[in-house]
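Presented below is the structure to which this report refers.
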Amino acid sequence: MAQVRRVSEAVEPARTSSSGYVTRRLRGLYDEFGPLRQDRRVAELGAEIVALSTSSREG
């Protein structure tokens, strides 16, 4: 779960920078979580990353 925590900590800087590169990297890391994605907290993190993906495409 340490990797999940690091990805979670990277979401806010990615949000403020609107970096498409960082968002893509976060999405790639999230995809590697496999079965962990069924955990509620990890699923919420995934939703935040998807929201970043949407906002980086709009900006």
Side-chain angles (χ1 to χ4, degrees):
M1 288 296 260
Q3 186 177 13
V4 172
R5 186 174 16 257
R6 286 192 295 270
V7 170
S8 178
E9 292 169 353
V11 169
E12 186 58 33
R15 183 179 291 119
T16 58
S17 73
S18 300
S19 171
Y21 172 77
V22 174
T23 301
R24 287 189 301 276
R25 293 289 296 153
L26 289 172
R27 181 61 190 220
L29 290 170
Y30 175 75
D31 289 343
E32 292 178 17
F33 290 159
L36 288 176
R37 291 183 287 181
Q38 294 179 10
D39 181 274
R40 177 187 54 83
R41 294 165 296 183
V42 177
E44 289 171 358
L45 175 61
E48 289 185 57
I49 293 170
V50 167
L52 285 173
S53 299
T54 303
S55 65
S56 69
R57 279 186 257 148
E58 291 174 358

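Applying the salt bridge (charged side-chain N to carboxylate O under 4.0 Å, His left out) test to R15 and every residue at least two apart in sequence or in another chain returns E12, E48.
Taking a cutoff of 4.0 Å between a charged side-chain nitrogen and a carboxylate oxygen, R5 and E9 do not qualify as a salt bridge.
In this structure, V7 and L45 approach most closely via the heavy-atom pair CG1-CD2, 3.8 Å. Looking at every heavy atom in both residues, V42 comes nearest to R37 through CG1-CA, 3.7 Å. Closest heavy-atom contact between L26 and I49: O-CD1, 3.8 Å.
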Check your understanding: Checking side chain to side chain contact (heavy atoms under 4.5 Å, CB included) for the pair D39/F33: CA distance, chi angles, key distance, verdict?
Key -> CA-CA 10 Å; D39 181 274; F33 290 159; over 6 Å; no
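In this structure, the side chain of S8 does not engage the main chain of V4 through any donor-acceptor pair within 3.5 Å.
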